[in-house]
Amino acid sequence: MTMPSHVRLVEVGPRDGLQNEKQPIEVANKVRLVDDLTDAGLSYIEVGSFVSPKWVPQMAGSAEVFAQIQRKAGVTYAGLTPNLQGFESALQAGVREVAVFAAASEAFSQKNINCSIKESLDRFIPVMEAARANDIRVRGYVSCVLGCPYEGAIDPAQVASVAAELFAMGCYEVSLGDTIGTGTPGATRRLIETVSAQIPREKLAGHFHDTYGQALANIYASLLEGVSVFDSSVAGLGGCPYAKGASGNVASEDVLYMLNGLGIQTGIDLDKLIAAGQRICSLLGRSNGSRVAHARVCA
Ligand code: HMG
Ligand code: MG
């Protein structure tokens with residue numbers, strides 16, 4: 001299989017990143033981050049989520065963030081929605097693309113969204129119907145695809161089955177989430193081989209948290225398998241509130257640096273992306289999780 005010549009990076013820092021920050025974050029700072037990312041040339045930004053504020057307080061202001069960002073033509077600004085209530089809030093906030101999320105692990109599904117995998121998929125059916133009626137595209141996530149914080153190893157066939165259900169109900173793309181970052185390249189390739197028996201590879205995305213430092217290797221393995229969409233988080237922000245010890249997604253800057261080196265096109269400006277990461281890190285008073293940003297800024 002030849003490497004893709006073009007990759008779409010799905011920037012999840014404002015959602016997956018900021019959802020896990022400890023201190024309160026002002027709406028203005030979230031807006032600034034999204035605007036900086038737009039300016040850096042990202043074509044897809046996950047801006048926030050419409051989940052219970054009791055479960056994830058950091059995402060409470062997502063509607064205001066959507067109202068205040070500067071939208072650029074051709075850029076997708078998406079919101080995460082766990083159920084119809086979240087979908088309706090997203091619609092009201094002017095969101096034109098949403099993401100639903102299921103897990104490949106029963107225990108994680110209970111901890112994250114308080115229901116079984118089957119119940120979560122059932123909840124998505126009315127979301128899909130409402131989305132179709134309003135001409136909204138829906139992306140799907142499967143969590144814990146390479147390991148679960150509660151159940152340990154996960155059978156790739158179970159991931160394939162949940163992913164296939166999401167695809168069958170109308171998700172145009174399914175992002176495979178290594179929520180706790182335990183996956184390694186061989187396991188990643190085997191996973192993609194199993195899932196792609198049910199969903200075309202061009203409909204798959206990789207979502208790697210970098211807890212064990214394997215994310216770039218896993219992205220490279222996925223590229224070799226023909227996957228051309230990857231989720232990443234500027235400055236490596238974040239983690240998952242329901243996966244203890246999970247660090248942020250792989251840093252967007254580091255993925256971009258690797259893709260640039262491979263001659264793969266993304267349309268993203270590395271210097272502007274680094275500046276976006278530096279700004280949010282200094283606003284949050286946290287260190288930058290991108291190795292490339294460290295190398296460039298300290299050089
Ligand atoms: P529940 O308590 O079972 O919900 O939570 P419920 O239907 O029984 O409702 C209870 C209360 O929540 C009610 O309010 C509802 O109105 C409210 P009350 O009457 O008590 O005042 N509620 C909502 N409020 C706002 N927005 C909504 C909503 N729905 C109900 N959409 C629920 C179930 C799914 C809501 C909850 O568990 C939840 O919000 N979970 C979100 C968890 C989350 O956001 N996790 C992080 C994102 S997933 C992730 O990071 C993984 C990913 O990155 C991929 C990877 O890394 O693998 C995507
Ligand atoms: Mg995640």
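Ligands are counted one by one from 1 in listed order, and the atoms in each one are counted from 1 as well. Start at 1 with the first residue, then count along the sequence.
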Please check whether [X] reaches ligand 1 - meaning an N/O of the residue sits under 3.5 Å from an N/O of the ligand, judged on distance alone.
X    : value
S49  : no
G86  : yes
N112 : yes
Q85  : yes
P53  : no
R15  : yes
V51  : yes

Find all atoms of ligand 1 within a distance of less than 4.0 Å from any non-hydrogen atom belonging to [X], and give their numbers and elements.
X    : value
Y141 : 54 (C), 58 (C)
G177 : 57 (O)
N114 : 1 (P), 2 (O), 3 (O)
K54  : 18 (P), 20 (O), 21 (O)
S143 : 51 (C), 54 (C), 55 (C), 57 (O)
H209 : 56 (O)

Counting heavy atoms only, which part of [X] comes closer than 4.0 Å to ligand 1: side chain, backbone, both or neither?
X   : result
S52 : both
N83 : side chain
D16 : side chain

Original post:
Can a non-hydrogen atom of M59 be found less than 4.0 Å from any atom of ligand 1?
Top reply: no
**OP:** Check if L80 has a non-hydrogen atom at a distance under 4.0 Å from any atom of ligand 1.
**Re:**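 In this structure, L80 qualifies as a contact of ligand 1 - some heavy atom is under 4.0 Å.
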Check this for me: does any side-chain nitrogen of one of [X] and [Y] sit under 4.0 Å from a carboxylate oxygen of the other?
X    : Y    : value
E21  : R286 : yes
E173 : K203 : no
K272 : D39  : yes

Subject >> E11 side, atom CD; T38 side, atom OG1 - distance, nearest 0.5 Å >> reply: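 Output value for this atom pair is 10.0 Å.
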Subject >> Euclidean distance, D36 CG relative to R279 CZ, rounded to 0.5 Å >> reply: 4.0 Å
**OP:** Please check if any side-chain donor atom of D254 sits under 3.5 Å from a side-chain acceptor atom of S290, or the reverse.
**Re:** yes
Subject >> Shortest-distance N, O or S atom of H209 relative to the Mg ion (ligand 2) >> reply: NE2
Original post:
Centre of F101's six-membered ring, under 6.0 Å away, within 45 degrees of the axis: is that where NZ or CZ of R139 sits?
Top reply: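 Negative - R139 is either too far from the ring of F101 or too far off its axis.
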Subject >> Ring centroid separation Y141 to H207 under 6.0 Å >> reply: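 Yes, ring centres under 6.0 Å apart.
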**OP:** Dump the intermediate steps for side chain to side chain donor-acceptor pair (under 3.5 Å) on Q58 and N20, then the final yes or no.
**Re:** CA-CA 7 Å; Q58 288 295 14; N20 210 35; over 6 Å; no
Original post:
How far apart are the closest heavy atoms of P185 and Q214, and which atoms are they?
Top reply: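 Answer, listing the atom of P185 first, then Q214: CD-OE1, 3.9 Å.
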Subject >> Minimum heavy-atom distance between L223 and L262, given as atom pair plus value >> reply: CD1-CD1, 3.9 Å
**OP:** Look at atom CD of E202 and say whether more than 12 heavy atoms of other residues, nucleotides or ligands are closer to it than 6.0 Å.
**Re:**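 Yes - once you tally the heavy atoms of other residues, nucleotides and ligands closer than 6.0 Å, there are more than 12.
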Original post:
Which residue from L146, D231, I113 reaches closest to atom 33 (C) of ligand 1 through any of its heavy atoms?
Top reply: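 Comparing heavy atoms across L146, D231, I113, the nearest one to atom 33 (C) of ligand 1 lies in I113.
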**OP:** May I ask you to check whether D16 brings an N, O or S atom to under 2.8 Å from the Mg ion (ligand 2)?
**Re:** yes
Original post:
Yes or no on side chain to side chain donor-acceptor pair (under 3.5 Å) for S175 and D231, after CA distance, side-chain angles and deciding distance?
Top reply: CA-CA 8 Å; S175 177; D231 306 350; 2.7 Å; yes
